[in-house]
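Heads up, the thing below is written out as structure tokens.
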Amino acid sequence: MMVDLEERVSELENWTDGKGLILCGAAETFCSGSDLNAVRAISNPQDGMKMSMFMQNTLTRLLRLPLISVALVEGRALGGGAELTTACDFRLMASDSVIQFVHKHMGLVPGWGGGARLVRIVGSQNALKLLGGALKVDPKLGLQIGLADGVVEDAQTVEAPGSHLEQAEKWLGTYIKGPAPVIQAVKKVVLSGRELPLSEALKTEMGVFGTVWGGPANLQALASKSKHK
Ligand SMILES: CCCC(=O)SCCNC(=O)CCNC(=O)[C@H](O)C(C)(C)COP(=O)(O)OP(=O)(O)OC[C@H]1O[C@@H](n2cnc3c(N)ncnc32)[C@H](O)[C@@H]1OP(=O)(O)O
């Protein structure tokens, strides 16, 4: 799974026309973390750090894609699976889903970068509670602390809501409507603001601004004298 994920991220890095990404699991589970059979064979600190480096690299590249990304959490996101949700810009949770950083129960802490990202998403107080208590985050708690950005409903509870994936596509559609260069620029500006010190982020913003200023979408908008009512 780890190698497959890295390969998909490499492919996405070459997707020049892309705007959005939805990451979802299979068989009603988002992801139950690292393969326990595989990790038993590498349960020494050196190999653990190699895995950590590999996954941190992959998930950092995933988060830095110039795409607006959503983790669609159905079923459970456990351990490394919970960390994986934090490598997307947004998280949508199905009504019976759970995100749980079970690392403490495994005698571990996050190692795929999910600890650092979690602090930035929910703040250090909430991150300490989620990791220290290995708390089960359901959609209600997820929305309350800002780990979840929305909830996708089940067919029984709402009339014709569409599948979870269709709901996620509709939700994401609001944020990726428009030309790819502009949406990609939006992501780059937010990413630099999120990751860089202010002076560097401002420089990056200027560079990104230069890529869209006078570009096709900008010139078309100027020509159409659009009003933002
Ligand atoms: C830095 C990374 C840290 C980590 O990720 S540590 C790993 C954290 N994850 C876990 O501990 C997951 C442990 N598994 C579970 O809690 C349960 O299997 C789980 C996911 C809730 C599903 O429960 P159930 O619906 O009852 O199904 P089940 O237990 O019979 O599982 C179905 C088959 O899937 C297997 N499975 C689930 N999670 C796995 C994993 N992470 N690695 C390897 N195998 C895993 C499970 O062993 C079972 O296999 P089998 O059918 O018995 O051959």
Side-chain angles (χ1 to χ4, degrees), residues 1-15 21-67 69-91 93-94 97-138 141-142 145-148 191 194-197:
M1 166 258 178
M2 297 183 207
V3 173
D4 285 348
L5 182 63
E6 194 278 334
E7 287 172 358
R8 294 293 90 74
V9 170
S10 292
E11 284 171 20
L12 289 167
E13 284 172 334
N14 292 310
W15 188 24
L21 173 71
I22 297 174
L23 194 70
C24 55
E28 293 166 13
T29 298
F30 178 75
C31 173
S32 65
S34 54
D35 183 338
L36 292 171
N37 301 314
V39 297
R40 272 181 202 110
I42 56 163
S43 55
N44 64 79
Q46 290 77 19
D47 286 339
M49 284 170 70
K50 276 188 202 159
M51 179 190 68
S52 169
M53 197 191 304
F54 181 84
M55 286 304 288
Q56 284 195 7
N57 176 280
T58 301
L59 296 188
T60 300
R61 286 165 51 207
L62 174 62
L63 188 56
R64 287 181 181 165
L65 289 170
L67 307 168
S69 57
V70 175
L72 171 57
V73 184
E74 295 168 296
R76 292 163 191 256
L78 300 179
E83 296 193 58
L84 185 54
T85 72
T86 66
C88 290
D89 298 309
F90 297 109
R91 281 147 294 283
M93 295 181 73
S97 67
V98 170
I99 301 175
Q100 188 179 11
F101 292 81
V102 295
H103 303 73
K104 184 183 82 164
H105 295 323
M106 303 297 293
L108 293 172
V109 293
W112 296 358
R117 289 188 298 269
L118 184 66
V119 170
R120 280 162 178 74
I121 296 166
V122 300
S124 59
Q125 302 297 103
N126 284 322
L128 207 47
K129 288 179 190 167
L130 297 194
L131 298 182
L135 300 186
K136 287 185 181 174
V137 181
D138 62 12
L141 179 58
I145 63 177
L147 186 59
L191 185 68
R194 187 160 66 195
E195 291 198 348
L196 301 174

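As the structure is a computational prediction, the values presented were derived from the model and not from experiment.
Put simply, the side chain of Thr58 gets close to the backbone of Phe54: a donor and an acceptor are under 3.5 Å apart. Judged purely by atom type and a 3.5 angstrom limit, Glu74 has no side-chain atom pairing as donor or acceptor with the backbone of Ser97. Side-chain N or O atoms of Thr85 include none that pairs as donor or acceptor with a backbone N or O of Gly81 at under 3.5 Å. In this structure a side-chain-to-backbone donor-acceptor pair under 3.5 Å is present from Ser43 to Arg40. At least one donor-acceptor pair under 3.5 Å links the side chain of Gln100 to the backbone N or O of Ala134.
In this structure, the side chains of Asn126 and Leu147 stay at 4.5 Å or more apart for every pair of heavy atoms. For the pair Leu131 and Lys104, the minimum side-chain heavy-atom distance is 4.5 Å or more. Side-chain contact between Ser69 and Asp89 is present, with at least one heavy-atom pair separated by less than 4.5 Å. Side-chain contact check for Leu23 versus Arg8: every heavy-atom pair is 4.5 Å or farther apart. In this structure, the side chains of Leu5 and Leu59 come closer than 4.5 Å at one or more pairs of heavy atoms. Put simply, the side chain of Cys31 reaches to within 4.5 Å of the side chain of Met1, judged on heavy atoms. Between Ile99 and Met93 there is a side-chain heavy-atom pair separated by less than 4.5 Å. Using a 4.5 Å heavy-atom cutoff, the side chains of Lys129 and Leu141 are not in contact.
Taking each heavy atom of Val98 and Val73 in turn, the nearest pair found is O-CG1, 4.4 Å. Nearest heavy atoms, Phe30 versus Ala77: CD2-CB, 3.7 Å. Between Gly80 and His103, the closest heavy-atom pair is N-NE2, 3.9 Å.
Within 6.0 Å of CD in Glu7 there are more than 12 heavy atoms belonging to other residues, nucleotides or ligands. Atom CD of Gln125 has 12 or fewer heavy atoms from other residues, nucleotides or ligands within 6.0 Å.
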Sequence neighbours excluded and cut-off under 3.5 Å, please list the side-chain donor-acceptor pairs for residues 116-123, or say none.
from: Arg117; atom 1: NE; to: Thr86; atom 2: O; distance (Å): 3.4
from: Arg117; atom 1: NE; to: Thr86; atom 2: OG1; distance (Å): 2.9
from: Arg117; atom 1: NH1; to: Trp112; atom 2: O; distance (Å): 3.3
from: Arg117; atom 1: NH2; to: Glu83; atom 2: O; distance (Å): 3.3
from: Arg117; atom 1: NH2; to: Thr86; atom 2: OG1; distance (Å): 3.4
from: Arg117; atom 1: NH2; to: Trp112; atom 2: O; distance (Å): 3.0
from: Arg120; atom 1: NH1; to: Ala116; atom 2: O; distance (Å): 3.2

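Here Asn57 contributes atom CG and Ser52 contributes atom OG; the two are 10.5 Å apart, rounded to the nearest 0.5 Å. Note that the CZ atom of Arg64 and the CZ atom of Arg194 stand 10.0 Å from one another [nearest 0.5 Å]. To the nearest 0.5 angstrom, Met2 atom CE is 12.5 Å from Glu6 atom CD.
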Next on the checklist: Please determine whether side chain to side chain contact (heavy atoms under 4.5 Å, CB included) holds for the pair Thr29 and Leu78, giving the CA-CA distance in whole Å, both sets of side-chain angles, and the decisive distance to 0.1 Å.
Outcome noted: CA-CA 9 Å; Thr29 298; Leu78 300 179; over 6 Å; no

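Partners of Asp47 by side chain to side chain contact (heavy atoms under 4.5 Å, CB included), not counting sequence neighbours, listed by chain and number: Ile42, Asn44, Lys50.
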